[in-house]
Amino acid sequence: MDRREFIYRSALTGALLSGTASGLRAEAIKKTGLAEVYKDSFKLGTAMSTKTLSGKNPSMLPLIAKEFNAITAENAMKWSAIHPGYDHWIWDLCDQFVKFGSENSMLMIGHTLVWHKQTPSSVFMNKGKLTSRKKLLKLLGNHISTVVDRYKNYVAVWDVVNEAFDEEIGWRKSSWYNVLGPDYLSQSFEIASEADPTAHLIYNDFKLENKKKQRFAIQQIRTLKKKGVRVDGIGLQCHVELNPNKPTIEQLEETIINFHKEGLQVHITELDVDVLPNAWGYRDQHINDLPERAGKLNPYKDGLPERVSTLLASRYEELFRLFIKHQDKIPRVSLWGTSDDETWRNYRPVVGRTNYPLLFDSRQQPKKAYFALHKLGTDS
Ligand code: GLA
């Protein structure tokens with residue numbers, strides 16, 4: 001019995017022993033995981049949480065091993081997690097990540113080398129002074145080459161730079177940009193390429209279907225390419241809403257086609273579907289501190305109504321129909337997590353809501369959306 005088979009069998013035994021209806025329902029789909037169903041179209045990935053990587057969610061490992069063949073670390077490889085101080089590196093969780101990926105023959109995606117968030121403030125400011133251009137370039141180079149070099153035999157795809165552009169103003173005025181200007185994008189790709197010439201290098205961002213942002217991103221990528229800087233792919237995060245207009249399938253399709261025309265492979269990097277009302281106006285507040293809004297902003301705290309669960313399944317289905325249609329351009333589709341209890345959507349933008357954006361519920365049981373995708377993949 002190989003390892004995969006062993007994991008599958010132990011999970012199956014667990015489900016049967018639990019004796020519940022959902023356990024049996026899960027058992028019914030055990031034979032073929034989603035990744036297997038989509039294997040002729042694209043890799044199917046998920047993000048692994050810090051909880052899972054630190055061994056605190058053991059049942060998640062066999063589930064991921066069966067359902068997915070690509071992994072991204074949700075937070076563990078971000079600068080502040082892996083490199084919290086100048087000479088301070090924390091490798092354990094990422095070492096676990098590559099161990100798990102290797103044992104299960106998965107495509108591993110490194111996320112993310114350069115971002116304005118989840119980066120220690122000491123990178124940009126020291127003793128009340130802004131880091132100089134020279135020093136910041138040195139820090140950038142050291143960070144990228146150290147991380148890429150350590151994992152070069154494992155990680156095949158890197159989200160080199162995350163979210164450098166803004167929908168309205170072009171360059172996001174982040175600390176990276178404020179000190180280094182546009183150079184930080186080209187430098188990051190150059191250093192990553194030097195550190196691992198065979199890795200596939202991606203620029204990753206959200207809402208690239210926004211016309212202004214898309215045009216700007218394309219311009220910048222063209223500029224890099226003209227300078228001889230290698231960019232292999234675009235990452236469309238795809239944190240979409242249940243509302244079929246946000247974004248529409250047509251907008252996404254045009255985005256996929258436009259980036260592909262630039263010679264880029266198109267990765268769907270962080271897919272999830274927000275089923276809750278838009279709450280960005282209450283960003284970072286706790287739902288308990290919004291008592292008069294709680295009913296409206298957090299309507300499904302006791303469970304997802306069947307009607308919404310069906311809508312979620314259709315939204316996932318239309319998205320996957322599109323991805324299947326453009327499978328020649330899309331090497332990988334990654335969900336941003338596996339089960340609803342672990343989603344970032346429960347604490348962003350408002351903390352403490354109950355969201356349902358993924359394919360497995362908070363008990364790690366497959367949802368209607370899972371079955372819809374399973375059927376779609378099997379039939380196509
Ligand atoms: C962005 C980042 C991800 C993650 C999400 C929220 O999309 O790229 O790493 O932080 O925000 O979880």
Side-chain angles (χ1 to χ4, degrees), residues 45-53 57 60 70-84 93-94 97 108-120 143-144 147 151 155 157-167 172 174-177 184-185 188 192 201-210 213-214 217 233-241 246-247 252 255 266-276 278-280 282-284 319 332-360:
T46 189
M48 293 182 78
S49 70
T50 294
K51 184 174 163 192
T52 297
L53 288 172
N57 193 1
M60 183 60 89
I71 47 170
T72 309
E74 184 186 6
N75 286 302
M77 215 178 263
K78 290 173 181 168
W79 194 313
S80 54
I82 202 172
H83 188 189
L93 293 184
C94 293
F97 170 81
M108 289 174 252
I109 298 104
H111 174 84
T112 171
L113 294 168
V114 185
W115 193 23
H116 59 288
K117 290 188 180 163
Q118 292 179 256
T119 303
H143 179 80
I144 298 178
V147 178
Y151 294 121
V155 170
V157 180
W158 287 98
D159 289 347
V160 178
V161 175
N162 201 27
E163 303 180 356
F165 310 134
D166 179 277
E167 284 124 273
R172 180 186 298 285
S174 68
S175 301
W176 288 116
Y177 182 82
Y184 95 86
L185 189 67
S188 302
L201 306 181
I202 289 186
Y203 172 74
N204 191 47
D205 212 328
F206 62 89
K207 287 202 181 141
L208 283 165
E209 63 282 357
N210 173 297
K213 186 168 184 173
Q214 188 181 118
I234 187 80
L236 310 182
Q237 291 185 1
C238 273
H239 294 296
V240 305
E241 294 185 25
K246 297 197 167 184
L252 273 177
T255 309
V266 181
H267 292 245
I268 308 299
T269 54
E270 305 184 15
L271 177 65
D272 56 17
V273 179
D274 189 355
V275 305
L276 298 184
N278 188 309
W280 286 95
Y282 303 93
R283 181 193 298 235
D284 297 336
L319 287 161
R332 177 213 12 150
V333 175
S334 286
L335 284 118
W336 202 238
T338 303
S339 62
D340 287 338
D341 54 321
E342 288 203 342
T343 173
W344 69 292
R345 298 279 201 178
N346 290 335
Y347 53 87
R348 289 268 298 161
V350 166
V351 184
R353 296 198 297 172
T354 308
N355 212 326
Y356 300 83
L358 298 168
L359 300 181
F360 292 83

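In each ligand, atom 1 is the first atom listed, and ligand 1 is the first ligand listed.
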Fill in: Atom indices of ligand 1 within 4.0 angstrom of K78 heavy atoms, with elements
3 (C), 4 (C), 9 (O), 10 (O)
Worksheet item: Is W115 close to ligand 1, meaning an N/O of one under 3.5 Å from an N/O of the other?
Response: no
Worksheet item: Among R345, E270, K117, which one has a heavy atom closest to atom 2 (C) of ligand 1?
Response: E270
Discussion item. Need the ligand 1 atom indices (1-based, order shown) with element for anything under 4.0 Å from a heavy-atom of Q118.
Written reply: 10 (O)
Practice prompt. Note the single closest protein heavy atom to atom 9 (O) of ligand 1, along with its residue, its atom name and the distance in Å.
Written response: H111 NE2, 2.5 Å
Practice prompt. Let me see the working for H267 and I109 under side-chain contact (heavy atoms from CB on, under 4.5 Å), right down to the final yes or no.
Written response: CA-CA 11 Å; H267 292 245; I109 298 104; 5.9 Å; no
Worksheet item: Can you tell which of L93, N75, I71 makes a side chain to side chain contact (heavy atoms under 4.5 Å, CB included) with L53?
Response: L93
Fill in: Enumerated ligand 1 atoms positioned under 4.0 Å from heavy atoms of W344
6 (C), 12 (O)
Worksheet entry | Where ligand 1 meets N162 - atom numbers and elements under 4.0 angstrom, heavy-atom basis | 2 (C), 8 (O)
Discussion item. Whether the side chain of D340 engages the backbone of L358 through a donor-acceptor N/O pair (distance < 3.5 Å, no angle test) should be reported.
Written reply: yes
Worksheet item: Which ligand 1 atoms, with their elements, are less than 4.0 angstrom from a heavy-atom of H239?
Response: 7 (O)
Discussion item. Atom NZ of residue position K213 - does it have more than 12 heavy atoms of other residues, nucleotides or ligands inside 6.0 Å?
Written reply: yes
Worksheet item: Which value, rounded to the nearest 0.5 Å, describes the distance between L319 atom CG and I268 atom CD1?
Response: 8.5 Å
Worksheet item: With backbone taken as N, CA, C and O and side chain as the heavy atoms from C-beta onward, which portion of F206 lies under 4.0 Å from ligand 1: side chain, backbone, both, or neither?
Response: neither
Worksheet item: OG/S188 to CG/N162 distance, rounded to the nearest 0.5 angstrom?
Response: 11.5 Å
Practice prompt. Would you check whether N75 has a nitrogen or oxygen atom less than 3.5 angstrom from a nitrogen or oxygen atom of ligand 1?
Written response: no
Worksheet item: For ligand 1, which part of R348 has a heavy atom less than 4.0 Å away: the side chain, the backbone, both, or neither?
Response: neither
Item to complete: Quick one: do F97 and Y151 satisfy ring pair (Phe, Tyr, Trp, His ring centres under 6.0 Å)? Show the steps, please.
Response: CA-CA 10 Å; F97 170 81; Y151 294 121; 7.9 Å; no
Discussion item. I'd like to know if the side chain of N204 pairs up with that of T269 as donor and acceptor (distance under 3.5 Å, no hydrogens or angles considered).
Written reply: yes
